Amino acid sequence: MGNVLSDYYERLVASGDLEADPNQRRVMDLFGTLGDQLSEHQAALRRSALASLFSPRIRAPNGLYIHGGVGRGKTMLMDLFFHQVDVASKQRVHFHEFMQDVHSRVHERRQAHSKGFVGGGDPIPPVADDIVRKGRLLCFDEFQVTDITDAMILGRLFTALFERGVVVVATSNRHPDTLYEGGLNRALFLPFIAMMKDRMEVVSLDGDTDYRLKHLNGTPVYYTPLGGSTDAEIQGIWSRLTNSERGEPASLEVQGRLLEVPQSAKGVARFSFADLCERPLGVADFLKVAHNFHTVILERIPVLGPEKRNEARRFVNLIDSLYNYKVKLIASAAAAPDAIYPAGDGTFEFARTVSRLFEMQSDPYMALGHGAE
Ligand SMILES: Nc1ncnc2c1ncn2[C@@H]1O[C@H](COP(=O)(O)OP(=O)(O)OP(=O)(O)O)[C@@H](O)[C@H]1O
Ligand SMILES: [Mg+2]
């Protein structure tokens with residue numbers, strides 16, 4: 001298996017589908033080793049006369065926990081492994097959906113219990129049994145814990161899963177030590193972190209390249225005029241950057257107020273011009289956005305008449321903030337940058353914005369890393 005996986009990766013590199021990446025190779029090798037261990041484990045279980053009754057007595061191999069920044073290839077490598085690995089009983093799930101499913105199962109069990117249908121009050125063991133039936137190799141994409149209800153259930157659930165011989169593979173943007181950081185009652189969560197580290201090898205996949213962003217290279221980032229086809233282009237870029245149709249709403253705290261972000265995912269925020277420039281927002285808000293997101297999608301910038309001086313001023317401040325933090329801007333507008341605000345107060349300052357809007361479309365700008373100097 002080890003060789004099969006590495007060979008497969010090298011073929012993808014040779015055919016030009018993937019760029020050679022030493023960090024990815026290293027993770028691929030670990031996946032290969034895990035694949036071999038899983039095959040051996042499966043065989044040992046089959047040989048064991050007790051297999052069907054006491055299979056967990058033969059300790060399953062440790063899983064893998066791959067963490068790193070966005071776009072490094074974590075999901076891609078896990079999926080390569082998942083499809084190639086010769087294990088019959090496997091499931092690959094998005095962690096968020098998995099937890100939703102767990103909560104509804106726990107809820108069902110509790111309800112059945114309170115109505116006297118099922119004996120035994122603890123819902124965790126039967127829920128763990130249900131999960132194991134769907135696959136002993138559990139591959140989680142985007143492991144994260146932000147919610148106290150998840151945090152409180154995970155320790156007991158994973159104890160039950162590991163007791164049943166489950167092997168867990170996960171991708172995450174966080175090292176286990178920083179999961180649920182700052183969360184309520186975090187001390188109760190720490191044993192779960194220790195268990196993860198005991199049952200999974202923790203590896204970082206954090207090369208310099210965000211491949212998702214890199215794939216944008218050469219893609220136009222400023223779309224005009226407005227209309228259905230522009231909206232579709234922007235939606236296409238959004239999906240490529242975030243692997244999702246829609247993002248989650250978020251709110252950022254700015255000077256004791258909350259700034260609403262209509263959609264966000266994977267370090268990308270999506271606003272309309274109206275969301276940011278037609279409301280009483282200022283530099284502090286824009287800096288917060290610039291600080292928190294490596295890419296901003298700004299849709300439907302209109303042509304601004306002289307009476308729109310406040311909107312124009314906010315737009316200048318917004319672009320300055322994004323520019324200073326080297327945030328990537330993907331925009332749709334009614335006109336080219338130099339035709340957005342042709343006349344009115346502050347057109348002199350606006351000239352700098354126009355120049356920046358052009359520069360922000362260039363390859364050298366797009367290649368800069370996120371953040372202030
Ligand atoms: N070595 C590579 N060469 C070319 N493209 C790559 C390479 N590695 C990954 N990619 C591509 O980059 C994109 C991002 O990869 P992937 O989704 O696996 O990242 P990720 O680490 O899971 O990111 P996130 O943390 O945001 O979920 C995918 O389209 C993937 O196919
Ligand atoms: Mg991923």
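Worth saying up front: this structure is predicted, and the values here are computed from it rather than measured. Whatever order the structure lists them in is the order used to number ligands and atoms, beginning at 1.
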Taking [atom] as the reference point, the nearest protein heavy atom with its distance:
| atom | answer |
| --- | --- |
| atom 5 (N) of ligand 1 | His215 NE2, 3.2 Å |
| atom 8 (N) of ligand 1 | Gln24 NE2, 2.9 Å |
| atom 23 (O) of ligand 1 | Gly71 N, 2.8 Å |
| atom 22 (O) of ligand 1 | Thr75 OG1, 2.7 Å |
| atom 26 (O) of ligand 1 | Arg212 NH1, 3.0 Å |
| atom 10 (N) of ligand 1 | Tyr211 CB, 3.5 Å |

Can [X] and [Y] be counted as an ion pair, charged N to O under 4.0 angstrom?
| X | Y | answer |
| --- | --- | --- |
| Arg270 | Glu299 | yes |
| Asp122 | Arg156 | yes |
| Glu10 | Arg25 | yes |

List ligand 1 atoms under 4.0 Å from [X], heavy atoms only on the residue side.
| X | answer |
| --- | --- |
| Asn173 | 25 (O) |
| Glu142 | 27 (O) |
| Glu19 | 1 (N), 2 (C), 3 (N), 4 (C) |
| Gly73 | 9 (C), 15 (O), 16 (P), 18 (O), 19 (O), 20 (P), 21 (O) |

(Q) Yes or no: does Met78 have any heavy atom under 4.0 Å from an atom of ligand 1? (A) no
Q: Mark the output for Thr171 as yes if a heavy-atom distance to ligand 1 is under 4.0 Å, and as no if none is.
A: no
Q: Assess whether atom NE2 of His107 is packed by more than 12 heavy atoms of other residues, nucleotides or ligands within 6.0 Å.
A: no
Q) Can a cation-pi geometry be assigned to Arg356 and Tyr323, taking NZ or CZ under 6.0 Å from the six-membered ring centre and within 45° of the ring axis? A) yes
Q: May I ask you to identify, for Val13, whether its side chain, its backbone, both or neither come under 4.0 Å of ligand 1 on a heavy-atom basis?
A: neither
Got a donor-acceptor contact below 3.5 angstrom from the [X] side chain to the [Y] backbone?
| X | Y | answer |
| --- | --- | --- |
| Ser172 | Phe143 | yes |
| Arg26 | Pro22 | no |
| Gln144 | His96 | no |
| Thr347 | Ala343 | no |
| Ser362 | Tyr365 | yes |
| Arg279 | Asp275 | yes |

Q. Which one of Arg174, Lys74, Lys266, Arg92 satisfies the salt bridge (charged side-chain N to carboxylate O under 4.0 Å, His left out) criterion with Glu142?
A. Lys266
Q | Nearest option to atom 9 (C) of ligand 1, as decided by whichever heavy atom of Lys266, Arg174, Met76, Lys74 sits closest | A | Met76
Q: Kindly indicate whether atom 28 (C) of ligand 1 is approached by any protein heavy atom to under 4.0 angstrom.
A: no
Q. Looking at Leu287, Val296, Asp285, Val316, which one forms a side chain to side chain contact (heavy atoms under 4.5 Å, CB included) with Ser321?
A. Leu287
Q) Counting only protein N/O/S, how many atoms fall short of 2.8 Å from the Mg ion (ligand 2)? A) 1
